[in-house]
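As structure tokens, the structure follows; a few thoughts come after it.
Because the structure is predicted, anything quoted here is derived from the model rather than measured.
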Amino acid sequence: MNQNTNKTVLILGANSDVAKQCIIQYLEKGFSVMAASRNTKSLEDFITSNHLDSNKVTVLYFDAADFDSHQQFYNELPVKPHIAVYSAGFLVDNQKALRDFKGAKQMMEVNYMGGVSMLNIVAMDESNKNLERIIGLSSLSGVRGRKSNFVYGSTKAAFTQYLAGLRQELASRKITVNVLVIGYIRTKINEGLELNESLIMEPDYVAKFIVNAGKSFTIVPDFKWKIIYHILRLLPESLAAKLP
């Protein structure tokens, strides 16, 4: 019997390309999956088209930016999770975000505030003795402020710092918190952007790092992005300001 047969993972923002690959890979490892998204139809179609076991996947409606609904959403889960993954994300062009606060606000709500709201509820439920791991998806954009995407990057930086503190908060309960610091992925959120093809990762590749997360806090998929991550952290401000 698979050791994960009786374990459940909750994926919040499950309609992203990476999250959908996580559904497949968690099922392969024996987990049951609660896949939560605003677009439940897309998830149901994905499950059908990939011939996934509908008895092992529960599709739930979840709106990351509807903070008032989060407690009820959690209360009504069919089972409390062993693992919670926050993968909800939203992106608008930096120039648009600078001129139209609506887009900037939506990035803040989905990328950061929704994660804090929902993961606080998950983490503070001490009656859930099953909880063993929380994983948040962040971005290289949150490592250093860059003129090309600093509004989006600020939401990811905030989320990363929140997860770092949450890791410390939950350490005494033996609950692991991981952050995935991710570079370019071939997903719908990046469609239309001019990206370096040699640096683009496939969703299923990134999903492997999520599903197989270990004890380390920061996980950076792909050795090229690990190098870039360390360069960004150490780069003097005078040079960082010259980045495209």
Before accepting this row, confirm whether a basic side-chain N of the pair Lys226/Asp222 lies closer than 4.0 Å to the acidic partner's carboxylate O.
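Looking at Asp222 together with Lys226, the answer is no, because their closest N to O distance does not fall below 4.0 Å.
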Does a side-chain N-to-carboxylate-O contact under 4.0 Å join Lys7 and Glu132?
yes
Just by modelled atom types, is the [Y] backbone N or O under 3.5 Å from a matching donor or acceptor in the [X] side chain?
X	Y	result
Lys96	Phe101	no
His82	Val9	no
Glu109	Ala64	no
Tyr184	Leu199	no

Pair Val206-Ile182, side-chain contact (heavy atoms from CB on, under 4.5 Å): steps then yes or no:
CA-CA 8 Å; Val206 176; Ile182 305 171; 3.9 Å; yes
Is it true that [Y] and [X] share a donor-acceptor pair across their side chains at a distance under 3.5 Å?
X	Y	answer
Thr160	Ser138	yes
Asn111	Tyr152	no
His70	Ser117	yes
Asn178	Arg133	yes
Asp17	Gln21	no
Ser37	Asn39	no
Ser42	Lys20	yes

Audit row: Phe150, Ser141, side-chain contact (heavy atoms from CB on, under 4.5 Å) steps and yes/no:
CA-CA 7 Å; Phe150 63 87; Ser141 299; over 6 Å; no
For the residue pair [X] and [Y], what are the closest heavy atoms and their distance?
X	Y	answer
Val33	Leu27	CG2-CD2, 4.0 Å
Leu43	Ala35	CD1-O, 3.8 Å
Tyr26	Ile135	OH-CD1, 3.8 Å
Gly142	Ala157	O-CB, 3.3 Å
Phe31	Thr8	CD2-N, 4.2 Å

Out of curiosity, does Ile231 fall in the hydrophobic cluster containing Phe223 (side-chain heavy atoms, cut-off under 4.5 Å, transitive links)?
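Both belong to a single hydrophobic cluster.
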Given the rule that I, L, V, M, F, W and Y join up when any side-chain heavy atoms are under 4.5 Å apart, are Ile23 and Tyr61 in one cluster?
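No, no single cluster joins them.
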Can Thr40 and Leu60 be said to form a side-chain contact (heavy atoms from CB on, under 4.5 Å), step by step?
CA-CA 7 Å; Thr40 56; Leu60 304 167; over 6 Å; no
Would you call the rings of Phe73 and Phe62 parallel, tilted or perpendicular, where under 30° means parallel and over 60° means perpendicular?
tilted
Can you tell me how the ring of Phe159 sits relative to the ring of Tyr162, calling it parallel under 30°, perpendicular over 60° and tilted otherwise?
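Ring orientation of Phe159 relative to Tyr162: parallel.
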